[in-house]
Asks: 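Okay, here's the structure, questions in a sec.
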Amino acid sequence: MNIHEYQAKALLEEYGVPVPAGGLAYSPEQAAYRAKEIGGERWIVKAQIHSGARGKAGGVRLCASEREVWEAANDLLGRRLVTAQTAPRGKGVYRLYVEPAVACARELYMSMVLDRASERIVLAMSAEGGAEIEDLIKQNPAAVVRVIIDPAVGILAFQAREAAFACGLDAALISQAEHILLAAYRLFRDRDATLLETNPLVVTEDGRLLALDAKMTFDDNALFRHQKISELRDKSQEDPREMGAVDRGLSYVGLEGDIGCIVNGAGLAMATMDIIKLCGGEPANFLDIGGGASPERVAKAFRLVLADERVRVILVNIFAGINRCDWVAEGVVKAMSELDVGVPVVVRLSGTNAEKGAQILKESGVKVTVASTLAEAGEKAADAARQKTPAEN
């Protein structure tokens with residue numbers, strides 16, 4: 001789960017990480033008032049969306065008067081901001097964060113991320129931060145200092161100091177950096193985060209370290225024990241298809257293709273998307289209905305896939321172990337009978353009760369195309385998508 005910058009900064013501040021003063025605004029008038037409250041002569045108006053690279057897309061504005069703050073807010077609110085990290089449609093801007101412009105002597109980069117491969121938390125720091133950090137990492141990976149943190153022990157003070165020294169910080173700033181890194185780790189650990197990033201972490205001209213930007217993501221599976229974090233979710237920033245899946249207990253990721261996939265098991269779902277691409281088609285989604293899919297659950301998956309207007313074909317691919325093909329077949333029949341499907345449906349059933357599932361489909365009279373192998377299913381789905389034009393939907 002993602003949260004907004006201002007929410008991440010509030011959490012960092014709660015744990016003792018210094019952040020600039022700021023205020024949230026939902027209207028141009030409120031933004032101008034926030035600037036007046038903060039005081040000073042220059043302010044930054046930031047679009048609050050779940051995406052990085054906002055500055056390059058025009059979502060971060062430097063303003064030298066309250067009138068400019070009003071104009072920037074008026075221009076940003078209600079528009080869809082397209083960045084290098086969003087889909088082509090972009091994300092809607094419905095709230096802004098106003099901060100004072102900070103005079104910076106230098107910018108650094110700091111992040112903590114959960115590395116599932118090593119089962120460790122990795123601290124990454126660089127002596128250079130800002131909007132070009134991705135390019136820097138590609139061009140010079142050695143510029144990033146990495147510290148492996150054992151979760152059984154946590155980050156140790158000497159590790160924090162070593163990372164700070166490696167980034168070339170002056171001796172006078174080492175204790176500040178140590179405090180920030182230890183506090184950030186506590187936040188990461190206590191709230192079951194999967195990513196915490198401050199880019200840039202700046203050295204101000206008066207010799208302070210300040211988290212000028214912040215990004216955090218959290219483990220969805222741990223939200224049941226973090227009600228306050230769960231309440232920070234902004235559904236307006238999420239794909240409505242994915243939100244619908246979450247509400248139905250399904251694992252779904254929306255894509256840009258036209259072949260809807262209903263599959264059991266994450267690995268098989270990935271293989272299904274691969275075979276669709278290999279056959280010249282484009283998957284519309286990743287959808288794992290799980291190992292114990294009831295007919296009702298399969299019917300829910302059909303409703304979810306059909307909610308995407310771009311879907312021209314549905315491919316059901318089930319390799320049953322714990323699951324049962326007859327349950328899935330009953331779900332397909334239920335969906336085809338109750339819903340206005342309106343697109344070709346390709347079904348491949350294999351494993352537990354596959355013969356019984358095929359018999360259910362045959363005797364039901366529903367119009368589906370049956371495939372015996374994954375390759376055949378992918379080919380038939382891709383062919384059907386090519387033959388069905390958008391005008392036929």
Asks: What is the minimum heavy-atom distance between Met110 and Ala184, and which atoms define it?
Replies: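 For Met110 and Ala184, the tightest heavy-atom pair comes out as CE-CB, 4.1 Å.
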Asks: Would you call Glu338 and Arg303 a salt bridge, taking side-chain N to carboxylate O under 4.0 Å as the test?
Replies: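 Result for this pair is yes, salt bridge flagged.
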Asks: How about Asp340: does its CG atom have over 12 heavy atoms from other parts shown lying under 6.0 Å from it?
Replies: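 No - once you tally the heavy atoms of other residues, nucleotides and ligands closer than 6.0 Å, there are 12 at most.
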Asks: Please check: side-chain N/O of Asp170 versus main-chain N/O of Ala172, any donor-acceptor pairing under 3.5 Å?
Replies: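 Side chain of Asp170 to backbone of Ala172, a donor-acceptor pair under 3.5 Å: no, none is there.
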Asks: For the atom pair CE (Met112) and CD1 (Ile121), what is the distance rounded to the nearest 0.5 Å?
Replies: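 The CE atom of Met112 sits 8.0 Å away from the CD1 atom of Ile121.
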Asks: Side chains of Leu196 and Tyr185, heavy atoms from C-beta outward: is any pair under 4.5 Å?
Replies: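 Counting from C-beta outward, Leu196 and Tyr185 never come under 4.5 Å.
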Asks: Look at the side chain of Arg310 and the backbone N and O of Ala284, then say whether any donor-acceptor pair between them is shorter than 3.5 Å.
Replies: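 It does not hold such a pair.
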Asks: Output the distance between atom CD (Gln7) and atom CG (Leu24), rounded to the nearest 0.5 Å.
Replies: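 Spacing of CD (Gln7) from CG (Leu24) equals 8.5 Å.
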Asks: So how far is it from Ser118 OG to Asp150 CG, rounded to the nearest 0.5 Å?
Replies: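 Answer rounded to 0.5 Å: 10.0 Å.
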Asks: Between CD1 of Ile262 and CG of Leu287, what distance do you get to the nearest 0.5 Å?
Replies: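 Interatomic distance, Ile262 CD1 to Leu287 CG, rounded to 0.5 Å: 6.0 Å.
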Asks: Could you tell me whether the side chain of Pro20 reaches within less than 4.5 Å of the side chain of Leu210, counting heavy atoms only?
Replies: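 Contact flag for Leu210/Pro20 side chains = yes.
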Asks: Give a yes or no on whether the backbone of Leu315 and the side-chain of Arg348 come within a donor-acceptor separation of less than 3.5 Å.
Replies: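 Side chain of Arg348 to backbone of Leu315: no pair is present.
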Asks: Please check if the side chain of Arg312 supplies one atom and the backbone of Asp258 the other of a donor-acceptor pair under 3.5 Å.
Replies: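 No.
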Asks: Is the shortest side-chain N to carboxylate O distance from Asp213 to Arg54 below 4.0 Å?
Replies: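 Judged by the 4.0 Å cut-off on N to carboxylate O distance, Asp213 and Arg54 do form a salt bridge.
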Asks: Evaluate the criterion side chain to side chain contact (heavy atoms under 4.5 Å, CB included) for residue pair Arg116 and Thr194; output intermediate values, then yes/no.
Replies: CA-CA 10 Å; Arg116 299 184 187 278; Thr194 55; 3.9 Å; yes
Asks: Is there a chain of hydrophobic side chains (I, L, V, M, F, W, Y, each step under 4.5 Å between heavy atoms) that links Trp43 to Val102?
Replies: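 Per the 4.5 Å side-chain linkage, Trp43 and Val102 are not co-clustered.
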Asks: Looking at every non-hydrogen atom in both residues, tell me the closest pair between Leu349 and Cys325 and how far apart they are.
Replies: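 Taking Leu349 first and Cys325 second, the nearest heavy atoms are CB-SG, 3.9 Å.
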Asks: Ignoring hydrogens and geometry beyond distance, is a side-chain donor-acceptor pair present between Gln227 and Glu231 at under 3.5 Å?
Replies: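 A pair is found: one side chain offers a donor N or O, the other an acceptor, under 3.5 Å apart.
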Asks: Determine whether Leu123 and Gln159 make a side-chain contact, defined as any pair of heavy atoms from C-beta on separated by less than 4.5 Å.
Replies: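 The answer is no, as the side chains (C-beta and beyond) never meet within the 4.5 Å cut-off.
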Asks: From the options Lys215, Lys46, His50, select the one residue that forms a side-chain hydrogen bond (donor to acceptor under 3.5 Å, both in side chains) with Glu5.
Replies: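 Single side-chain hydrogen bond (donor to acceptor under 3.5 Å, both in side chains) partner of Glu5 among Lys215, Lys46, His50: Lys46.
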Asks: Run the numbers on Met273 and Leu255 for side chain to side chain contact (heavy atoms under 4.5 Å, CB included), then give the verdict.
Replies: CA-CA 10 Å; Met273 292 190 294; Leu255 302 172; 3.5 Å; yes
Asks: Under 6.0 Å from the CZ atom of Arg120, do we count more than 12 heavy atoms belonging to anything else shown?
Replies: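 Above 12, so yes.
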Asks: Does Glu119, at its CD atom, have more than 12 non-hydrogen atoms belonging to other residues, nucleotides or ligands within less than 6.0 Å?
Replies: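 Open: at most 12 neighbouring heavy atoms sit under 6.0 Å from CD of Glu119.
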Asks: Side chains of Tyr252 and Asn285: closer than 4.5 Å at any heavy-atom pair?
Replies: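 A side-chain contact under 4.5 Å exists here.
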Asks: Do the side chains of Leu212 and Val19 join up, straight or via other hydrophobic residues, at under 4.5 Å, putting them in one cluster?
Replies: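 No; Val19 is not reachable from Leu212 via cluster members.
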Asks: Please check this pair: side chain of Glu37 against backbone of Gly23, looking for a donor-acceptor N/O pair closer than 3.5 Å.
Replies: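 Judged by distance alone, no pair lies under 3.5 Å.
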Asks: Given 3.5 Å as the limit, does a donor-acceptor pair link the side chain of Arg42 with the main chain of Leu62, or not?
Replies: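 Pair absent, no side-chain N/O of Arg42 close to backbone of Leu62.
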Asks: Provide the closest heavy-atom pair for Leu12 versus Ala214 in the form atom of the first, atom of the second, distance.
Replies: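 Closest heavy-atom pair between Leu12 and Ala214: CD1-CB, 3.7 Å.
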Asks: Check step by step if side chain to side chain contact (heavy atoms under 4.5 Å, CB included) holds for Ile148 and Val122.
Replies: CA-CA 5 Å; Ile148 308 300; Val122 178; 3.8 Å; yes
Asks: Any ion pair linking Glu330 and Lys334 (charged N to carboxylate O, less than 4.0 Å)?
Replies: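 Looking at Glu330 together with Lys334, the answer is no, because their closest N to O distance does not fall below 4.0 Å.
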Asks: When you compare the side chains of Glu197 and Tyr109, does any donor N or O come within less than 3.5 Å of an acceptor on the partner?
Replies: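 Yes - a donor-acceptor pair under 3.5 Å links their side chains.
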Asks: Check whether any side-chain heavy atom of Tyr26 sits under 4.5 Å from a side-chain heavy atom of Leu77, and report yes or no.
Replies: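 A side-chain contact is absent here, since even the closest heavy-atom pair is not under 4.5 Å.
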Asks: So that I can tick it off, tell me whether Lys9 and Glu99 are bridged by a salt bridge, with the cut-off set at under 4.0 angstrom between side-chain N and carboxylate O.
Replies: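 Salt bridge: yes.
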Asks: Do Glu41 side-chain atoms and Ser65 backbone N/O form a donor-acceptor pair below 3.5 Å?
Replies: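 Pair absent, no side-chain N/O of Glu41 close to backbone of Ser65.
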Asks: Under a 4.0 Å N-O cut-off, is there an ion pair linking Asp274 with Lys277?
Replies: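 Salt bridge absent between Asp274 and Lys277.
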Asks: Does this structure show an ion pair linking Arg191 with Glu14, if we count only N-O contacts that are shorter than 4.0 Å?
Replies: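 Judged by the 4.0 Å cut-off on N to carboxylate O distance, Arg191 and Glu14 do form a salt bridge.
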Asks: Is there a salt bridge (charged side-chain N to carboxylate O under 4.0 Å, His left out) between Glu29 and Lys36? Walk through the geometry before answering.
Replies: CA-CA 11 Å; Glu29 292 78 14; Lys36 185 176 182 180; over 6 Å; no
Asks: Of all heavy-atom pairs between Ala329 and Gly357, which one has the smallest distance, and what is that distance?
Replies: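 Shortest heavy-atom separation between Ala329 and Gly357 comes out as CB-O, 3.4 Å.
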Asks: Check whether Val60 and Leu201 end up in the same hydrophobic cluster, where Ile, Leu, Val, Met, Phe, Trp and Tyr are linked by side-chain heavy atoms less than 4.5 Å apart.
Replies: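 No; Leu201 is not reachable from Val60 via cluster members.
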Asks: Consider only side-chain N and O atoms of Thr86 and Ser51, and report whether a donor and an acceptor are under 3.5 Å apart.
Replies: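 No pair is found: no donor N or O on one side chain lies under 3.5 Å from an acceptor on the other.
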Asks: Ile180 and Tyr15: same hydrophobic cluster, using ILVMFWY side-chain contacts below 4.5 Å?
Replies: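 In one cluster: yes.
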Asks: Backbone N or O of Leu268 within a donor-acceptor pair of the Thr272 side chain at under 3.5 Å?
Replies: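 Checking the backbone N and O of Leu268 against the side chain of Thr272, a donor-acceptor pair under 3.5 Å is found.
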Asks: Show your working on side chain to side chain contact (heavy atoms under 4.5 Å, CB included) between Ile229 and Leu11 and close with a plain yes or no.
Replies: CA-CA 10 Å; Ile229 298 296; Leu11 290 170; 3.8 Å; yes
Asks: Just how far is it from atom CD1 of Ile275 to atom CG of Leu374, taken to the nearest 0.5 Å?
Replies: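 Going from CD1 on Ile275 over to CG on Leu374, the span is 5.0 Å.
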Asks: Just how far is it from atom OG1 of Thr198 to atom CE of Met216, taken to the nearest 0.5 Å?
Replies: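 Separation between the atoms: 11.0 Å.
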Asks: Within a strict 4.5 Å, meaning less than it, do heavy atoms of the Leu306 and Val343 side chains meet?
Replies: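 A side-chain contact exists here, since the closest heavy-atom pair is under 4.5 Å.
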Asks: Is there a donor-acceptor pair closer than 3.5 Å between any side-chain N or O of Gln176 and the backbone N or O of Leu209?
Replies: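 Such a contact is found between Gln176 side chain and Leu209 backbone.
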Asks: Compare every heavy atom of Val370 with every heavy atom of Glu376, then report the nearest pair and how far apart it is.
Replies: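 Distance-wise, the nearest heavy atoms are OE2-O, 4.1 Å.
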Asks: In terms of side-chain heavy atoms, does Tyr94 have a donor or acceptor partner in Asp234 at a distance below 3.5 Å?
Replies: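 No - no donor-acceptor pair under 3.5 Å links their side chains.
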Asks: Below 4.5 Å, heavy atoms only, C-beta onward: do Leu108 and Val202 meet side chain to side chain?
Replies: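 No; the side chains remain at least 4.5 Å from each other.
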Asks: Give me the atom names and distance for the closest heavy-atom approach of Gly281 to Ile259.
Replies: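 Residues Gly281 and Ile259, closest heavy atoms: CA-CD1, 4.1 Å.
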Asks: For the CZ atom on Phe319, are there more than 12 heavy atoms of other groups (residues, nucleotides or ligands in this structure) within a distance under 6.0 Å?
Replies: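 Check fails, neighbour count at 12 or below.
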Asks: Is there side-chain contact between Ile289 and Ile318, with heavy atoms separated by less than 4.5 Å?
Replies: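 Yes, at least one pair of side-chain atoms sits under 4.5 Å.
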Asks: Determine, using the 4.5 Å side-chain heavy-atom cutoff (strictly less than), whether Val316 and Met336 are members of one ILVMFWY cluster.
Replies: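 Yes, it is one cluster - the side chains of Val316 and Met336 are joined through contacts under 4.5 Å.
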